[in-house]
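Being a predicted model, the structure only gives us computed values, none of them experimental. Letters A, B, ... are given to chains in the order of the sequence lines, protein chains preceding strands, and every chain is numbered from 1. Just so it is clear, the values below take in all heavy atoms, side chains as well, and ignore hydrogens, waters and symmetry mates.
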Protein chains: 2
Amino acid sequence: MKVALITEYDGTDFVGFQSQNNGRAVHDVLTKALCELYKTDIKIEGCSRTDSGVHAGGHVSSLNVPFYIPEEKLPMAVNALLPDDLSVKKAVYVKDDFSARFSTLGKRYSYSIYSSPVRSPLKDRYSYHTTYKLSLSKMKKAAVFFSGEHDFASFCASGSSQKTTVRRLFSVDVFEKDEDIEIVVQGEAFLYNMVRIIAGTLLDVGCGKIEPEDIPSIIESCDRKSAGRTLPARGLKLEEVYYDWEKYKES
Amino acid sequence: MKVALITEYDGTDFVGFQSQNNGRAVHDVLTKALCELYKTDIKIEGCSRTDSGVHAGGHVSSLNVPFYIPEEKLPMAVNALLPDDLSVKKAVYVKDDFSARFSTLGKRYSYSIYSSPVRSPLKDRYSYHTTYKLSLSKMKKAAVFFSGEHDFASFCASGSSQKTTVRRLFSVDVFEKDEDIEIVVQGEAFLYNMVRIIAGTLLDVGCGKIEPEDIPSIIESCDRKSAGRTLPARGLKLEEVYYDWEKYKES
């Protein structure tokens, strides 16, 4: 019996999803709760690692379970064993060939930026602070150039070893949300730090250091140094992982 | 020379504004930074205490300072000496008769509630979780009964010693904000735990335990036990303190 768990977490006090030697990983905390619930060894597979400090509104893990707990009761049962900064939002029983990692069709991330002369303690946990006044219209103009299939080598952390740096993004949008700016990136798959570098580049566009029309040549250069800097983890959130749920759902 | 500082803080790791024996108070952390900045003893007066865990978007303190730092530079100068969960948003030089505590015309608080089958780690820090589906329209209907001058003894923490429990509220409003519910209370002055008890009572209305029409008799009873429970501090935020700034501003 296989189940997919959709989890939400505040990444601040985690070293990311994946187990690390140096701290508290979502993977480990979730595994511990599940082992306790099912009274046996449970191995979970995550849809992806998230970096230290990155938040998730809809991370997905899949796991084989030894007995049935109704879908609507499973989240509460696991949550009773989880700390405050991690919770299971939803459980879905899936067919055996479902893999949280390999069945994904894509992911949606958001990056939040707030612009203010002074930092805001009530925003800092989930948003990046800039003192620049940002041009939303310039950022919107620049964002459209990222859609589609490109070699995103300019937007990949240097030193990461990937077979190819070609990726397909479905869309990059920039919105105003309350008084803040939210960058929403949807794509098939992502390179290491890709969203945080795209956000850093759009920030440079917003404050006038880069013109929107420069984005195509920054992409074409395939040079990490031509893009903006990697913004901090706190502003990043894995919002949703896409699957063909109809195909994998256990009826 | 007197200055008013408008501060924002994440109340989670504070025991409240006022100095306590048992932990970190906003008053003390702010005073320490100001003493360091001005290289002398600074005494600050706060507009009000906030309870342990309560947040502030616009708390106000007033203080005499030994030398002039331009209004627009003062927040940054203090913030450089403050921890991440506290910041000065704005500084205003005021006349000597201004008192953060006694010159107030009123205050605005907000209380945030989110309704969801499972708790949300990304909301928990600033919002109260209920598993009930709340009726916004019932809550709106109930809210209007709180406006005006009433004896709010039913909405005052028992055991608190006040000369009178009569207070005047300008308005109580209930809004939908994103998917959550925000209760906004504006009033001249407040009793101990008053907003958190009003929020608890409106929560009971929202989930059908109390009817909107019952509010007048709950107020009239002057009996703490007739109102709802005190909701936790985390959902409460002191949004703004009202003053006649034109009168007190140093030109």
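Atom NZ of B:Lys2 has more than 12 heavy atoms from other residues, nucleotides or ligands within 6.0 Å. Within a 6.0 Å sphere centred on NZ of B:Lys95, other residues, nucleotides and ligands contribute more than 12 heavy atoms. Summarising the local packing, NZ of B:Lys140 is surrounded by more than 12 heavy atoms from other residues, nucleotides or ligands at distances under 6.0 Å.
The interface of residues 187-198 of chain B with chain A, defined by heavy-atom distances below 4.5 Å, is empty. Below 4.5 Å, heavy atoms of chain B meet heavy atoms from A:Glu8, A:Tyr9, A:Asp10, all part of residues 3-28 of chain A. Contacts between residues 110-135 of chain B and chain A, defined by a heavy-atom separation under 4.5 Å, are made by B:Pro117, B:Val118, B:Arg119, B:Ser120, B:Pro121, B:Leu122, B:Lys123, B:Asp124, B:Arg125, B:Tyr126. Residue-level contacts of residues 55-89 of chain B with chain A, in order of numbering, are B:His55, B:Ala56, B:Gly57, B:Pro75, B:Met76, B:Asn79, B:Leu82, B:Pro83, B:Asp84, B:Asp85, B:Leu86, B:Ser87, B:Val88, B:Lys89; threshold 4.5 Å between heavy atoms.
At a 4.5 Å heavy-atom cutoff, the contact between B:Lys237 and chain A is made by side-chain atoms alone.
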